[in-house]
Amino acid sequence: MAKKKMTIDEQVAYLMQGAEYGDDQVKKAMAAELKERLLQAEKEKRPLKVYCGYDPTAPDLHLGHTVTMRKLRQFQELGHEVTFVIGDFTSLIGDPSDKDKLRPRLSPEQVAQNGQTYAEQSFKVLDPEKTIIRHNSEWLSKLTFKDLIHLSSNFTVGQFLTRDNFAKRFQNNEAIYLHEFYYALMQGYDAFTLDADVQIGGSDQLFNIVTASRKLMTALGKKPNISIIMSILPGTDGEIRMSKSLGNHIVITGDPKDMYGKLMSIPDKAMGIFSRLVTRWTPDEIKSFEEKISSGSLHPKEAKMKLAREIVTIYHGQKAAEKAEAEFVRVFQEQGQPEEMNEYKLKKGQSVLDMLQESGLTESRSQARRLIQQNAVRLDDQILEDPHAKFPGKGVLQVGKRRFIKVI
RNA sequence: GGGCGGUUACCGAAGUGGACAAACGGGGCUGACUGUAAAUCAGCUGGCAUACGCCUACGGAGGUUCAAAUCCUUCACCGCCCA
């Protein structure tokens, strides 16, 4: 992508694409500051130092995780220096604000393992050659209690209570742990240590980045970093943020066909935000994409296919994306059969129910009964109605729209 | 240290002795329709069982009762308030 030629204003637009501060004033201010910093860097002939921290809690990344990586990638394209910070120190402490009560505190081994996976998977988006990986335990574990007190003394409780999350919980008499306050400090200290020009994060990091990091850097005698706060990517339901525990996520290493299908299942109205946050498209391309949809010159189905193809291509390559698309068209639009199916060897005297269960097409016999009742079970397009009848014989068995098996 | 409250299915959240396999919302699944696994509408969403029905399940263990998610005891975890 030839982005070297962008003007400063174009660069700012590109880099602010998808950023959301919940306040237009702040956004404008940040954009202005970014512009100034870009100009300054140009004059000094140096790249901007950009970073984003990741707590390596989940070993499998989904699209939601890639939003900030995409942003880092854009900085790389423009020649800036990107640091991928693995929050091995922060995640050892655990963050109760996640509400993930069940999540056990991670062991150092797990953190190391997850961090590794994170970095590897992130290279689907980032340029590995140009990415510096750091662990924040490197500097955070060296801080003494005295240091911590010194850092904390730059903040008042009142300042922390302006944070939405805290304010709400305080008002509702819910728990706010003391160490949650330190989270913001640690993050600020990351930025300070890295001498960051720009820090990227999700909107849940708004306070940590915009308020805490910037203030801390100022207090420690540095120029505050510019905060780029990315919008939250919704899940397949198009409403709620993408998250594994909500089950609306799309993993980036899974089966390309599945990824394509899941992308096709997002509501039409979510296409815009997906295009803005998780594609490689430029602001102009995105703008024209959205305009074509709203004007009706691009059919929503076509639009979504284009989107799905783009995203699958990023993670699995063009060939796999084309294949996934062809399969989708064949199976769902033409109601045909997939190219490859698992086979199941029919056993003597098996009933329909037995067969469904033993072939693994259903999770339980009760579920199989329900599906039969709902006319969801077909053998070569013939609906099987009686769960107890002997299984008719060879053919292609289809359960619902997506599950196929070849009976031999 | 004292007082009070919470723990319900994939998630959120009702339910305070029987009609509770547990309201409702989200998610998931299925069908119809279609423009797609979109939207919309309808149904399903613990397990076993060819009907009857049985078993397991409301944080754990025990108890009261003909009957417990609901009452009691106790344990665990979580929270709030007052010190």
Side-chain angles (χ1 to χ4, degrees), chain A residues 62 94 96-105 166 168-178 180 234-250 254-275 292-294 296-309 311-312 324-336 338 349-354 356-357 361-378 381 383-391 398-404:
Chain A
H62 59 64
S97 68
D98 273 7
K99 302 267 176 213
D100 244 342
K101 311 166 240 183
L102 290 178
R103 192 173 77 207
R105 188 177 288 183
F166 290 148
K168 218 176 275 167
R169 283 194 278 160
F170 189 67
Q171 207 166 8
N172 296 339
N173 286 338
E174 282 170 30
I176 300 171
Y177 287 84
L178 206 53
E180 290 183 72
T236 46
D237 53 298
E239 297 280 349
I240 310 166
R241 71 169 219 288
M242 185 175 286
S243 120
K244 189 179 176 182
S245 62
L246 295 173
N248 62 357
H249 63 305
I250 302 176
D255 175 28
K257 292 189 200 97
D258 200 48
M259 188 181 203
Y260 190 94
K262 281 202 167 130
L263 285 163
M264 288 305 285
S265 84
I266 65 168
D268 289 357
K269 63 178 193 294
M271 289 194 282
I273 191 157
F274 270 74
S275 72
K292 279 187 201 154
I293 295 170
S294 55
S297 66
L298 181 62
H299 194 287
K301 184 189 73 175
E302 297 300 328
K304 208 182 290 176
M305 288 175 81
K306 186 178 170 193
L307 183 67
R309 201 184 316 135
I311 296 172
V312 175
E325 180 167 291
E327 179 105 343
F328 183 85
V329 169
R330 184 166 56 241
V331 175
F332 298 108
Q333 280 165 235
E334 295 163 9
Q335 309 211 327
Q350 266 184 323
S351 69
V352 174
L353 205 54
D354 293 336
L356 284 170
Q357 179 59 16
L361 281 173
T362 57
E363 276 166 27
S364 68
R365 295 171 70 87
S366 295
Q367 191 196 34
R369 280 167 204 274
R370 271 181 239 124
L371 287 165
I372 292 167
Q373 211 160 31
Q374 291 172 136
N375 288 339
V377 180
R378 274 154 298 195
D381 287 330
I383 295 173
L384 301 179
E385 287 175 319
D386 183 358
H388 300 286
K390 198 179 157 207
F391 195 84
Q398 180 178 5
V399 176
K401 283 179 186 143
R402 300 188 240 172
R403 275 167 285 177
F404 292 87

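A, B, ... follow the sequence lines: proteins, then strands. Residue 1 opens every chain.
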Extract from the structure each pairing of a protein N or O with an N or O of nucleotides 38-41 of chain B at less than 3.5 Å, listing the distance.
unit_1, atom_1, unit_2, atom_2, d
A38(B), O4', K304(A), NZ, 3.1
A38(B), O2', D268(A), N, 3.0

*Can you tell me how far P in A69(B) sits from the matching atom in U64(B), rounded to whole Å?*
16 Å
*Any-strand Watson-Crick or G-U partner of U73(B), both distances under 3.5 Å*: A61(B)
*Can you tell me how far P of U34(B) sits from CD of Q333(A), to the nearest Å?*
15 Å
*asked:* To check you understand the geometry: which heavy-atom pair defines the closest contact between A308(A) and M264(A), and what is its length?
replied: CB-SD, 4.1 Å
*asked:* Could you tell me if the side chain of I250(A) sits less than 4.5 Å from the side chain of H62(A), heavy atoms only?
replied: no
*Closest contact, heavy atoms only, P256(A) versus A324(A)*: O-CB, 3.8 Å
*Grab the CD-P distance between E334(A) and U36(B) for me, whole Å please.*
10 Å
_From CD of Q367(A) over to P of U30(B), roughly how many Å is that when rounded to an integer?_
9 Å
*asked:* Rounded to whole Å, please give me the gap between CG in L263(A) and C1' in U36(B).
replied: 12 Å
_With a 3.5 Å limit on both atom pairs, tell me what U34(B) is paired to, counting Watson-Crick and G-U wobble, or say none._
none
*For R378(A) and for M271(A), find the nucleotide of RNA chain B with the closest heavy atom, then tell me which residue's nucleotide is more 5'.*
R378(A)
_The single option from I293(A), L298(A), I266(A) passing side-chain contact (heavy atoms from CB on, under 4.5 Å) against K304(A)_ = I266(A)
*Would you mind reading off the distance between Q373(A) atom CD and A51(B) atom P, rounded to a whole angstrom?*
11 Å
*asked:* Taking the P atom in each of G18(B) and C72(B), what is the distance between them to the nearest angstrom?
replied: 15 Å
*Quick one: do K301(A) and D268(A) make a salt bridge, cutoff under 4.0 Å?*
no
*For C71(B) versus U56(B), give the span between their C1' atoms, rounded off to a whole number of Å.*
23 Å
*Can you tell if the side chain of K262(A) reaches within under 4.5 Å of the side chain of M259(A), non-hydrogen atoms only?*
no
*Whole angstrom is fine here: how far is it from CD in E363(A) over to C1' in C10(B)?*
12 Å
_Rounding to an integer number of angstrom, what distance separates A57(B) and U70(B) when you compare their P atoms?_
13 Å
*Would you kindly give the CZ-to-C1' distance between R403(A) and G28(B), to the nearest whole Å?*
11 Å
*Of the non-hydrogen atoms in E327(A) and R330(A), which two are nearest, and what is the gap between them?*
OE1-NH2, 2.8 Å
*For the side chain of R402(A), starting at C-beta, report the closest nucleotide among A37(B), G35(B), U30(B).*
A37(B)
*Heavy-atom side-chain contact between D386(A) and V352(A) under 4.5 Å*: no
_Base paired to C44(B) (Watson-Crick or G-U; both N/O distances under 3.5 angstrom)_ = G28(B)
*Please evaluate the base of G43(B) for a donor-acceptor partner in the side chain of Q374(A) within a cut-off of under 3.5 Å?*
yes
*Scan every strand shown for a Watson-Crick or G-U wobble partner of A14(B), both distances under 3.5 Å, and answer none if you come up empty.*
none
_Separation of the P atoms in G26(B) and A32(B), to the nearest angstrom_ = 23 Å
_Heavy atoms from C-beta onward define the side chain here; which of U45(B), G31(B), U50(B) lies closest to that of H388(A)?_
U50(B)
*Under a 3.5 Å limit for both distances, which nucleotide forms a Watson-Crick or G-U wobble pair with A23(B), could you say?*
none
*In the strands shown, is A51(B) matched to any nucleotide by a Watson-Crick or G-U wobble pair with both distances under 3.5 Å, and which?*
none
*So what does R309(A) hit on the nucleic acid, given a heavy-atom distance under 4.0 Å: a base, only sugar-phosphate, or nothing?*
nothing
*Measure the distance from CZ on R370(A) to P on U50(B) and round it to the nearest whole Å.*
16 Å
